[in-house]
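Here is the structure we will look at.
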Amino acid sequence: MSRVQNVLVGTVRSALGWVPAQWLPGGTPDPLIGRRGEVGRQAARLDGDVKVQGQARFSAEVPLENLCYAALVHGTITRGRITRLDTAKAEAAEGVLLVVTHRNMPRVSGPSLIAITDPTAVGNSSLPILQDDKVHYNGQVVAAVVAETQEQADHAASLIEIDYAAEPAETRFEEAKSGARIIPSLLIERNHLSLGKAERELTRAPHKVDNLYRTQWQNHNAIELHALTVAWGGETLTVHDTTQMIASEAATLAKMFGLKREDVRVLSPFVGGGFGGKGFWDHQVVAVAAARMVGRPLRLQLTREGVYRIVGGRSATEQRVALGADNEGRFTALIHNGYSVMPPYGACPEAYTLGTRSAYRAKSFEILQRHIDMAVVPNTFMRAPGEAIGTFALESAVDELAHELAMDPIELRLRNLPEKHPITGAPFSQHAAAKSWADGAAHFGWERRSATPGARRKGEWRIGMGCGSGSFPYVRMPGAAVRLTIRRDGTATLACSAQEMGMGTSTVLAQQVADRLGVPLDAVVIETGDSDLPAAPMAGGSGQSVSIAGALLAASEKLPAELLRLAGNDSPLAGLRAGEIRLGQEGMASAADPSRHETFRSILARANRDEVSVSATGTPPLEMMKFAMHSTAAMFCELRVSDVTGEIRVDRLLGSFDCGTILNPRTAASQFRGGMIMGLGLALTEETWLDERSGRIMNPTLADYHIPAHLDVPDIEVMWTGIPDPRSPLGARGIGEIGITGVAAAVANAVFNATGKRVRDLPITLDKLL
Amino acid sequence: MAITINGTPVDPPADPRVSLLDLMRDRLHLTGTKVGCNQGACGACTVLIDGQRVLSCLTLAVQAEGRTVTTIEGLGADGLHPLQQAFLEHDGFQCGYCTPGQICAASAMLEEVAAGMPSYVTRDLAAPARLTREEVRERMSGNLCRCGAHNGIIDAIMAVAEEQAA
């Protein structure tokens, strides 16, 4: 996030601007694009059977001999020092094996903070973990108890007596704004963007809106609690964890505990929901250290309260969006700036302006984010960090401007859609936002919307329709590696340390392998979830699938040379070079003369080999630098608001997506809907209440933090253009996060359409409508 | 007195603090029953006691003495239960963590409807309970899903209910 990075990224981008597209990865479209095969079919989930039977083994469910259990103690002040720490009663309690505090915790340095320049860096916090008597935020881990049973550990943890000397701490968002800092870059983008004189254009504009929007603190709330089961074997370490970053967690633990990377193994075959929250936090370090101290395998499962206390969520924001437009509705000024929280010991900026930069054309832009420091658990990335809430502000503003112009809000958007990236000028790799708007509006019946707010009513209910744009960038992460093995029995195995959190990772990978090699789907074996396998990228940025797809593409390009070496002179392929080969039909053939074909089985049998294996890493993702690669969505909502109670019931929700090739319509539809449902929570029910007097979270429970329940979720329709992106593997762009974007604005805009009340402050609870 | 879990008699734990959930997960390695909150807010730990749905995290193991407990492992002991099959067909899950609780709750919920028990959204309390999507949504709202498989879950339950009615 440095100025140097801005210069580097800028230089690479401008250099690539001059490089012909065909020289780059993705320059020649992936030959599988448009080919009918397993990709694009509704393959059933490979892990379905074990999941519906409760047989998927999660990290807290690994049976180990002689296992002991840990419980954490969370601090109760926001900032200060521990002045008295009495562990005697806890140590004397039945079954207790060990009490860990800063006095006996081994000295470990903090993990490296998450950084795009270092894929092994996974830390969400640079604060020391049980290394001294200081407290930095309310709920921080101050002690841990290890006992024979969980009940004994929990009870003993309650016996630890702690006195604190509290110090002043910044716990109020409003007050902390005055000390805001400006960091040079947001992820790989420059933070401050100024194009033309936006403030002046705004003043001159015949039509304008200029408002503040506020979004709430949120927590991920995967239903599975964070938990790990740790086993040391001398100088080797095995950690069964629930994590979105298997390979980098192994690397980080090795570094922190002075071990060789190959002596650390992180296993995470199933993750019970992640959404950005299943990362690297203090509990893993405490558990690994405590297991070593006690000399036994150990399990630590956070309580639900513990997850809220030590795993950060989405930062609250205050955003200003101002739009100026001429009489035809063309934007002359687009201003988006504001505040979010990122403590100096955190690393995750809430980049709510990123989506704005590619959303619309405008004569002038002014974009800048400020970061404020509060004494809180460091916030981290949560599903579509930035875009989820940035689209709420921007797309509410567009709706407000449309109302001001007396123009249909979809028409206003269509008039301002960009033909190329509005700021960098880079060409879009593929962009069909207009089509997703048209398809969505037709399917939803947008024409039935009344342009006059508050005009539709049924009994006590006022009915409204709203829409909003969603967006998410294409991300292919560098360094994704796979191993592809072909066996004499006709099977093929793809191995990498990928994470399965419910997205359908292995299912979709199996479809790809089947198509790349021309083998039947049931002959494909996928091995994931293990840091001993080639390192896949983390499950983040909606980039896991395309990153691995890129690595698989690289592996399948290496495979012909390996097989030709084995094929020998008796093969129909004899004399061909690797570049003249095409994979398919369970083997390979001459590209020029497909009748010269030999199966993998036959090649391996003749060479008397059981298998052949290639390892490969995806090409550097330079396509992201040369092209503007963005997915878009058009979200539609119909809801009703009670005159009596202010209650909002969402009756219909539709998402129309432009996300490249859809690899598996069944798992994709579920991902889209899942994001949209989380969007409903953002819009209507979810909020982590931070007590601004004490800096303590007041509702660290699923009883008080309301994620959408069945009755809150209507039947949700999803549709997509399905137009492949010629610059990405398989023509696909990630879909894990875009579903949440644009939803909160569609809901807020529908509330306005129903009631005439504009709510700019999420969540839209009924008190705001009375 | 023994607790009968999926047909097998089990001794109650010596430590009376042990919940039914922890008895099953930690002592018996019956890990199909999940833990999401330990305070009855999420439904992931739903099991059946004498056929009725119960949150096993809020149930002390000793409270189940002399009673019959059925978990997801027991529900599908003789091949996939129709609900398990329907969850597969209608893609009623992603990560799979809330799934056993959803399926156990759904099986008991269908029995409740069959027995004529009304719900908060039942309009006519005197008439026999009729299973609509809204009824299923209301009756299943104690089982949270964070991945967002709600539509698939309701589809799966409706499919089984319609099959049973046919």
Side-chain angles (χ1 to χ4, degrees), chain A residues 44-45 47-58 60-61 63 69 149-152 154-155 220-225 270-275 301 303-304 500-504 666-667 669-671 673-678 701-704 707-716 739, chain B residues 15 17-19 22 25-26 29-42 44 71-73 75-76 80-81 83-85 87-89 91-101 103 120-121 133-134 136-154:
Chain A
R45 292 174 190 270
D47 51 15
D49 273 356
V50 294
K51 283 180 174 174
V52 299
Q53 296 178 83
Q55 286 168 4
R57 181 64 52 83
F58 292 89
E61 299 169 354
Y69 296 80
T149 70
Q150 190 67 58
E151 291 78 10
Q152 291 166 341
D154 291 344
H155 175 63
H220 311 83
N221 279 315
I223 302 296
E224 181 206 27
L225 297 164
F270 297 104
V271 177
F275 320 113
Q301 175 171 277
T303 60
R304 179 56 62 182
E500 171 59 83
M501 317 189 284
M503 312 86 95
R666 171 195 285 251
T667 53
S670 190
Q671 285 263 73
R673 286 197 184 98
M676 291 167 75
I677 292 164
M678 209 176 271
T701 83
L702 287 174
D704 297 314
I707 70 173
H710 281 293
L711 199 58
D712 300 317
V713 180
D715 289 337
I716 296 173
Chain B
D15 186 341
R17 295 173 298 186
V18 177
S19 67
D22 288 344
R25 281 174 65 83
D26 291 342
H29 302 297
L30 282 170
T31 52
T33 307
K34 305 301 181 190
V35 52
C37 69
N38 246 331
Q39 59 162 191
C42 76
T71 69
I72 190 74
E73 290 93 342
L75 214 54
L80 288 184
H81 184 277
L83 279 163
Q84 290 173 318
Q85 190 62 46
F87 269 61
L88 286 174
E89 281 163 18
D91 208 33
F93 59 93
Q94 283 185 24
C95 79
Y97 200 79
C98 74
T99 315
I103 290 173
Y120 173 71
V121 298
R133 291 181 79 81
E134 193 192 17
V136 177
R137 286 194 173 108
E138 160 60 21
R139 291 167 188 263
M140 290 298 295
S141 280
N143 288 78
L144 299 179
C145 164
R146 187 55 158 168
C147 295
H150 303 74
N151 283 184
I153 293 169
I154 303 300

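The chains referred to below are lettered A, B, ... by the order of the sequence lines, with proteins before strands, and numbering in each begins at 1. We use all heavy atoms of the structure for the numbers below, so side chains are in, but hydrogens, waters and symmetry mates are not.
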Check: Going through the distances and angles, do B:C147 and A:F275 end up as a side-chain contact (heavy atoms from CB on, under 4.5 Å)?
Finding: CA-CA 9 Å; B:C147 295; A:F275 320 113; 4.0 Å; yes

Margin query: Let's go through A:Q53 and B:L80 carefully: what are the C-alpha distance in whole Å and the side-chain angles of both, what is the deciding distance for side-chain contact (heavy atoms from CB on, under 4.5 Å) to 0.1 Å, and is it a yes or a no?
Written below: CA-CA 8 Å; A:Q53 296 178 83; B:L80 288 184; 3.5 Å; yes

Next item on the list: Dump the intermediate steps for side-chain contact (heavy atoms from CB on, under 4.5 Å) on B:R146 and A:M678, then the final yes or no.
Entry: CA-CA 8 Å; B:R146 187 55 158 168; A:M678 209 176 271; 3.7 Å; yes

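Residues passing the salt bridge (charged side-chain N to carboxylate O under 4.0 Å, His left out) test with B:R25, sequence neighbours excluded: A:E61. Residues meeting the ring pair (Phe, Tyr, Trp, His ring centres under 6.0 Å) test with A:H710, sequence neighbours left out: B:H150.
Ranked by heavy-atom pairs shorter than 4.5 Å toward chain A, the options B:L144, B:T33, B:T71, B:T99 are led by B:L144. Contact tally against chain B (heavy-atom pairs below 4.5 Å) for A:I677, A:L702, A:I707: the top residue is A:I707. Comparing A:H220, A:Q152, A:H155 by how many heavy-atom pairs each has under 4.5 Å with chain B, the most go to A:H220. With chain B as the partner, the residue from A:T701, A:D49, A:N221, A:I223 showing the most heavy-atom pairs under 4.5 Å is A:I223. Ranked by heavy-atom pairs under 4.5 Å with chain B, the first of A:P63, A:A669, A:G739 is A:P63.
Here the closest heavy-atom approach between residue A:G54 and residue B:P100 is recorded as CA-CG, 3.9 Å. The heavy-atom pair separating B:V35 from A:Q301 by the smallest distance is CG1-NE2, 3.5 Å. Contact record, A:G272 with B:C95: C-SG, 3.4 Å, taken as the closest heavy-atom pair.
Considering CG of B:N38 and CD of A:Q150, their distance stands at 8.5 Å, rounded to 0.5 Å. The distance from atom CD of B:Q84 to atom NZ of A:K51, rounded to the nearest 0.5 Å, is 15.0 Å. Here B:D26 contributes atom CG and A:E151 contributes atom CD; the two are 7.0 Å apart, rounded to the nearest 0.5 Å.
Both the backbone and the side chain of A:P708 come within contact range of chain B, judged by heavy atoms closer than 4.5 Å. The part of A:F58 that comes within reach of chain B is its side chain, from C-beta onward, which places non-hydrogen atoms under 4.5 angstrom from that chain. Neither the backbone nor the side chain of A:T303 has a heavy atom closer than 4.5 Å to any heavy atom of chain B. For A:A60, the parts sitting under 4.5 Å from any heavy atom of chain B are the backbone and the side chain alike. In this structure, the portions of A:A703 lying under 4.5 Å from any heavy atom of chain B include both its backbone and its side chain. Using a 4.5 Å cut-off between heavy atoms, B:E134 contacts chain A through both its backbone and its side chain. Contacts of B:I103 with chain A are made by side-chain atoms alone, with heavy-atom separations under 4.5 Å and no backbone atom involved. Proximity to chain B involves both the backbone and the side chain of A:V713, based on heavy atoms less than 4.5 angstrom apart. Contact of A:Q671 with chain B is made through backbone and side chain together, with heavy-atom distances under 4.5 Å. Looking at B:I154, only its side chain comes within 4.5 Å of chain A, counting heavy atoms on both sides. Heavy atoms closer than 4.5 Å to chain A are found nowhere in B:L30, neither backbone nor side chain. Heavy-atom distances place the side chain of A:R45, and not its backbone, under 4.5 Å from chain B.
Judged purely by atom type and a 3.5 angstrom limit, B:S141 uses its side chain to pair as donor or acceptor with the backbone of A:L711. With A:R673 contributing its side chain and B:G148 its backbone, the two residues share no donor-acceptor pair below 3.5 Å. In this structure a side-chain-to-backbone donor-acceptor pair under 3.5 Å is missing from B:K34 to A:E224.
Using a 4.0 Å cut-off between charged nitrogen and carboxylate oxygen, B:R133 and A:D715 count as a salt-bridge pair.
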